[in-house]
Amino acid sequence: MTLAPQRPVTDPAPSRINVMQPWFGPEEVAAVTEVLQSGWVAQGPKVAAFETAFATRMAAEHAVAVSSCTTALHLALLVAGVGPGDDVVVPSFSFIATANAATYVGARPVFADVDPVTGNVTAATVEAALTPSTRAVVVVDQGGVPVDLDAVRALCDPRGVTVVEDAACGAGSTYRGRPVGAGAEVTAWSFHPRKIVTTGEGGMVTTSRRDWADRARLLREHAMDVSAADRHRSVLAPAERYVEVGFNFRMTDLQAAVGLVQLGRLDAVVARRREIADRYRDAFTGVDGLRCVQDPEWGTGNAQSFWVEVGPPHPLDRDGLLVRLAEAGVSARRGIMSAHRQPAYAGLDHAPLPVTERLTDTTLILPLFHQLSDADLHRVIDVVRSGAATGSGASR
Ligand SMILES: *Cc1c(COP(=O)(O)O)cnc(C)c1O
């Protein structure tokens with residue numbers, strides 16, 4: 001069955017190339033069907049199995065599945081004891097949920113600038129943003145590029161500042177030979193379809209601390225002292241108690257069943273994505289005014305977002321190149337946002353963030369996903385290279 005109308009064979013218009021597409025197969029369909037047939041669809045055995053498998057794959061001691069990375073970050077800051085009166089250093093160069101998590105717990109986000117090569121905070125940019133009230137720092141593996149976590153921890157650990165890793169984009173990336181996130185006390189992950197492993201919506205908290213994992217488990221389920229799944233197993237369920245004010249941040253077994261299959265695809269997905277990223281880099285070598293995201297010396301990225309910085313002497317600026325791509329049916333995207341420029345944070349003071357603003361204004365994200373065909377990859381490369389050769393649209 002085809003949902004989209006078929007193009008006539010004579011239609012010369014090239015099909016549209018998306019910036020990102022999740023990769024599902026019949027295995028995900030079978031996994032969801034099995035859960036539906038079991039009759040237990042809310043948080044239950046599949047969530048528990050997904051947590052175990054995820055912890056093993058990410059070299060984490062404890063994993064707690066939740067409804068999104070946004071709720072994972074919220075819980076991470078709560079279990080770390082962050083609250084009103086505290087400052088939390090975050091990059092502005094990130095999806096806005098990174099900063100919002102600090103706001104949710106009543107703390108104040110303090111924006112740190114990023115390194116122009118990685119797009120990530122460094123020990124130096126974090127240090128410049130520390131205040132006497134800093135209680136935590138959220139570092140991000142932006143676009144899947146591993147952050148230099150050890151350097152930030154060397155700064156923060158002696159000061160009693162907790163480092164939370166926002167690895168929303170980081171599944172399958174490595175830092176000093178281990179999965180990203182493994183070296184942080186607490187890490188938050190996303191399973192949104194823009195990320196590498198997807199469950200539709202979903203997230204995970206991983207942590208090296210059993211007490212933090214236990215509290216995250218409690219808080220995600222209304223702070224009930226007996227989980228709904230456990231109560232269901234007993235005929236005469238004991239009366240549950242609500243030991244503090246919790247949340248409903250649960251993942252469903254339907255989502256976890258998909259996550260288990262997706263986790264099994266992770267290595268293949270990352271290998272293919274890195275191959276496509278290398279093809280882009282090779283194709284753009286020698287194109288003046290284009291700079292591609294690279295692996296840092298301390299790890300390997302998963303190519304979650306392949307960004308290119310466009311600058312002089314390139315004849316087009318970033319927006320001009322985006323228009324050029326759109327005209328050719330290629331759906332690229334503006335680079336990562338700057339949270340401090342959004343109305344939501346307009347009232348918040350911050351130090352100058354020149355690198356953040358530059359990267360937000362000059363980078364674009366090219367199509368990159370597992371099923372991207374060689375023909376479509378060449379189409380994208382040709383448009384970018386021809387834009388560099390002639391210039392058109394909004395030229396500089
Ligand atoms: C996508 C993303 C999030 C939010 O993830 P959700 O699962 O959609 O809540 C948080 N932080 C970063 C860096 C992200 O890229």
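Note that ligands are numbered from 1 as they come in the structure, with each ligand's atoms numbered from 1 the same way. Along the sequence shown, the residues carry numbers beginning at 1. Hydrogens, waters and symmetry mates play no part in the numbers below; they use all other heavy atoms, side chains included.
Using cut-offs of 30° and 60° for the angle between ring planes, the Phe54 and Trp189 rings count as perpendicular. Ring geometry for Tyr345 against Phe111 counts as perpendicular: the plane angle is over 60°, on a 0 to 90° scale with 30° as the lower cut.
Salt-bridge formation is not detected for the pair Glu165/Arg153: no Lys NZ or Arg NE/NH1/NH2 atom is positioned less than 4.0 Å from an Asp or Glu carboxylate oxygen.
Using a 4.0 Å cut-off between heavy atoms, Val140 contacts ligand 1 through its side chain alone, with no backbone atom that close.
Atom 9 (O) of ligand 1 has Thr70 OG1, 2.5 Å as its closest protein atom, hydrogens excluded (heavy atom only). In terms of protein heavy-atom proximity, atom 11 (N) of ligand 1 is closest to Asp166 OD2, 2.8 Å. For atom 7 (O) of ligand 1, the closest non-hydrogen atom on the protein side is Ser190 OG, 2.7 Å. Regarding atom 5 (O) of ligand 1, its nearest protein heavy-atom neighbour is Cys69 CB, 3.2 Å.
Using modelled atom types and a 3.5 Å distance limit, the side chains of Glu201 and Gln255 yield no donor-acceptor pair.
Residue Cys169 approaches ligand 1 through these ligand atoms, each under 4.0 Å from one of its heavy atoms: 15 (O). The contact set between ligand 1 and Ser94, taken as ligand atoms under 4.0 Å from a residue heavy atom, comprises 13 (C). Per-residue contacts place Gly202 under 4.0 angstrom from the following atoms of ligand 1 (heavy atoms of the residue considered): 7 (O). The atoms of ligand 1 that sit less than 4.0 Å from any heavy atom of Ser68 are 7 (O), 9 (O).
Taking both residues in full, the closest heavy atoms of Ser331 and Val19 are given as O-CB, 3.0 Å, listed atom of the first, atom of the second, then distance.
Exactly one of Val258, Val261, Val41 qualifies for a side chain to side chain contact (heavy atoms under 4.5 Å, CB included) with Val32. That residue is Val258. Of the residues listed (Val147, Asp141, Asp148), the one engaging Tyr175 in a side chain to side chain contact (heavy atoms under 4.5 Å, CB included) is Asp148, and it is the only one.
Scanning His192, Glu201, Lys195 for the heavy atom closest to atom 2 (C) of ligand 1 points to Lys195.
Polar contact with ligand 1: absent for Gln142 (N/O pair, distance under 3.5 Å).
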